Participant: 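Can you read through this structure? Questions will come right after.
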Amino acid sequence: MDKLYAPKTIKAIKDKHGFKLSKSLGQNFLTDKNIIEKIIEGSLICDKDLVIEIGPGVGVLTTFAAKEAAKVIAVEIDKNLIPILKETLKEYDNIEVINKDILKTNLSEIIEENKNQSISGVKIIGNLPYYITTPIIMKILEDGVEADSITIMLQKEVAERIKAAPGSRIYGAISVAVQYYCSVSHIANVPKEVFIPQPKVDSSVIRLDIRKEKPVNLISEKTFFNVIKSGFGQRRKTLLNSLTGIYGMSKEEILQILKASDIEPSRRAETLNITEFANIANEIDKKCKSFTD
Ligand code: SAM
């Protein structure tokens with residue numbers, strides 16, 4: 001089908017199938033070829049890749065990905081889109097559609113099942129449903145899904161928080177968590193006018209290249225993420241105050257931990273880089289190994 005992304009094609013599909021866009025499923029469909037090409041180019045898909053697409057909608061990104069990749073698996077929650085996708089993707093023999101919630105889909109299992117000699121890489125892509133942007137990203141990263149990268153469209157403001165550096169007002173737990181797992185590249189800014197229906201906010205496309213090796217050595221990832229959570233949970237407080245109470249530790253004990261980590265107790269979480277968070281977490285684990293057991 002030609003120009004699947006054209007607003008009039010999307011309207012014709014809606015009319016033919018009696019399909020109603022669901023606001024609660026974050027259905028804002030992309031209508032701009034230029035942006036579709038930027039996402040595909042930015043994702044660095046090659047003909048030996050398995051592509052997993054999150055939320056294909058009517059399949060605008062899916063068809064472009066299928067032209068570059070060995071195989072595309074598209075996971076779509078809305079059962080009303082399945083007959084539509086059957087029609088819009090019928091010319092492609094390398095696309096599989098799975099009608100499932102991405103948050104309840106075992107991506108590692110899908111990758112394992114599809115591994116063969118003609119596939120050497122795994123790229124995840126998607127114009128994400130914005131109501132679950134962070135849970136989707138964190139699930140893929142925390143599950144340790146063996147993909148090379150995640151190229152996604154998301155709210156501009158969330159993309160900026162993910163990319164933020166220490167010292168910035170928008171640097172927070174999501175910045176540290178994503179940057180621990182990935183290096184982040186900006187691909188494109190996307191105005192809200194290129195979607196049907198138009199969302200309230202502008203968007204960005206970013207690529208997260210999943211690190212083969214983590215940037216810091218940790219005794220326990222759990223302690224590291226707990227320190228980040230406590231630090232940013234009360235971001236206006238000094239570290240001495242925001243960390244007091246973590247694993248039942250007193251102010252005096254946190255003072256010793258910060259001293260051993262070479263960090264001024266009056267600093268705030270938003271000034272710490274990943275290495276400094278790691279140092280605090282490792283000092284806590286060294287002080288009381290049983291906390292994390
Ligand atoms: N890829 C299409 C495009 O660019 O036009 C659609 C993008 S739209 C922003 C998000 C898509 O994700 C919708 O098709 C929606 O139904 C789907 N979706 C929403 N929640 C989902 C979930 N939990 N699992 C899988 N797909 C989901």
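Whatever order the structure lists ligands and atoms in, that order sets their numbers, starting from 1. Note that the coordinates shown come from a computational prediction; the quantities given were computed from them, not determined experimentally.
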Participant: Apply salt bridge (charged side-chain N to carboxylate O under 4.0 Å, His left out) to D148 and list each qualifying residue two or more places apart in sequence or on a separate chain.
Facilitator: K212
Participant: More than 12 non-hydrogen atoms from neighbouring residues, nucleotides or ligands closer than 6.0 Å to NZ on K214, yes or no?
Facilitator: yes
Participant: What does the contact table look like for ligand 1 (nitrogen or oxygen on each side, cut-off under 3.5 Å)?
Facilitator:
{"from": "ligand 1", "atom 1": "1 (N)", "to": "G55", "atom 2": "O", "distance (Å)": "2.8"}
{"from": "ligand 1", "atom 1": "1 (N)", "to": "P56", "atom 2": "O", "distance (Å)": "3.3"}
{"from": "ligand 1", "atom 1": "4 (O)", "to": "N127", "atom 2": "ND2", "distance (Å)": "2.8"}
{"from": "ligand 1", "atom 1": "5 (O)", "to": "L30", "atom 2": "N", "distance (Å)": "2.9"}
{"from": "ligand 1", "atom 1": "14 (O)", "to": "G57", "atom 2": "N", "distance (Å)": "3.3"}
{"from": "ligand 1", "atom 1": "14 (O)", "to": "E76", "atom 2": "OE1", "distance (Å)": "2.7"}
{"from": "ligand 1", "atom 1": "16 (O)", "to": "Q27", "atom 2": "NE2", "distance (Å)": "2.9"}
{"from": "ligand 1", "atom 1": "16 (O)", "to": "E76", "atom 2": "OE2", "distance (Å)": "2.6"}
{"from": "ligand 1", "atom 1": "20 (N)", "to": "Y131", "atom 2": "OH", "distance (Å)": "2.8"}
{"from": "ligand 1", "atom 1": "23 (N)", "to": "D101", "atom 2": "OD1", "distance (Å)": "2.8"}
{"from": "ligand 1", "atom 1": "24 (N)", "to": "I102", "atom 2": "N", "distance (Å)": "2.9"}
{"from": "ligand 1", "atom 1": "26 (N)", "to": "I77", "atom 2": "N", "distance (Å)": "3.3"}

Participant: Charged N to carboxylate O below 4.0 Å: is that the case for E283 and K287?
Facilitator: no
Participant: Is it true that Y180 and F225 have ring centroids separated by less than 6.0 Å?
Facilitator: yes
Participant: For residues 38-48, which side-chain N or O atoms pair as donor and acceptor with protein atoms under 3.5 Å away, sequence neighbours left out?
Facilitator:
{"from": "S43", "atom 1": "OG", "to": "I39", "atom 2": "O", "distance (Å)": "3.4"}
{"from": "S43", "atom 1": "OG", "to": "I40", "atom 2": "O", "distance (Å)": "2.7"}

Participant: Compile the donor-acceptor pairs under 3.5 Å between side chains in residues 189-203 and protein atoms, sequence neighbours left out, one pair per line.
Facilitator:
{"from": "N189", "atom 1": "OD1", "to": "H186", "atom 2": "NE2", "distance (Å)": "3.4"}
{"from": "D202", "atom 1": "OD1", "to": "K192", "atom 2": "N", "distance (Å)": "3.0"}
{"from": "S203", "atom 1": "OG", "to": "Y130", "atom 2": "OH", "distance (Å)": "2.7"}

